[in-house]
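We count residues from 1, following the sequence as given.
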Amino acid sequence: MPRFYFHLRDHTDSVIDPEGQELPDLQAAERVALEAARDTLSQEMKGGFLDLRYRIEVEDEAGTVIYSLQLKDSFAVRE
C-alpha cells in the first residue's frame, strides 16, 4: 500500500508530517486531507480565530506533491 504525507503549509510556514499514512489510493488520501483540514479549522475556531492562508499538501513517497487542498475550500458558509 502506498504511503502519503500530509503537510500543512502557507507561503512561509510548514508543519511537516514525518510519518505519513498508508492508504489504498489517492482518493483515500484526498478524504484524509479534507478531514485534516476540517479538524485544523475546528481547533482554530475554538480559539476564536481562523487562518485560511494554509493548505494541506499531500506528497507521495517520492516527495512529489500530488494533491493540494486550501483550507478555505474544505467547507461552505451559509449566512
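Gln27 CD to Asp25 CG: the interatomic distance, rounded to the nearest 0.5 Å, is 5.5 Å. Rounding to the nearest 0.5 Å places CG of Asp17 at 12.5 Å from CD of Glu57. Arg38 contributes atom CZ, which lies 9.0 Å from atom CD of Glu35 (distance to the nearest 0.5 angstrom).
A 4.5 Å side-chain heavy-atom check between Met1 and Pro24 finds at least one atom pair inside the cut-off.
The neighbour count for Glu61 CD, taken as heavy atoms of other residues, nucleotides or ligands under 6.0 Å away, is above 12. In Glu19, the CD atom is not crowded: 12 or fewer heavy atoms of neighbouring residues, nucleotides or ligands sit closer than 6.0 Å. Shown here is Gln70, whose CD atom has more than 12 heavy atoms of other residues, nucleotides or ligands within 6.0 Å.
Residue Asp13 comes nearest to Asp10 through the heavy atom pair N-OD1, 2.6 Å, listed as atom of the first residue, atom of the second, then distance.
Just one of His7, Glu59, Arg55, Arg9 meets the side chain to side chain contact (heavy atoms under 4.5 Å, CB included) condition when paired with Ser68; it is Arg55.
Checked by atom type and distance alone, the side chain of Thr40 pairs as donor or acceptor with a backbone atom of Ala36 at under 3.5 Å.
Cluster partners of Leu71 are Phe4, Phe6, Leu8, Val15, Leu23, Leu26, Val32, Leu34, Leu41, Met45, Leu50, Leu52, Tyr54, Ile56, Val58, Ile66, Tyr67, Leu69, Phe75, Val77, counting Ile, Leu, Val, Met, Phe, Trp and Tyr whose side-chain heavy atoms approach within less than 4.5 Å, directly or via other members.
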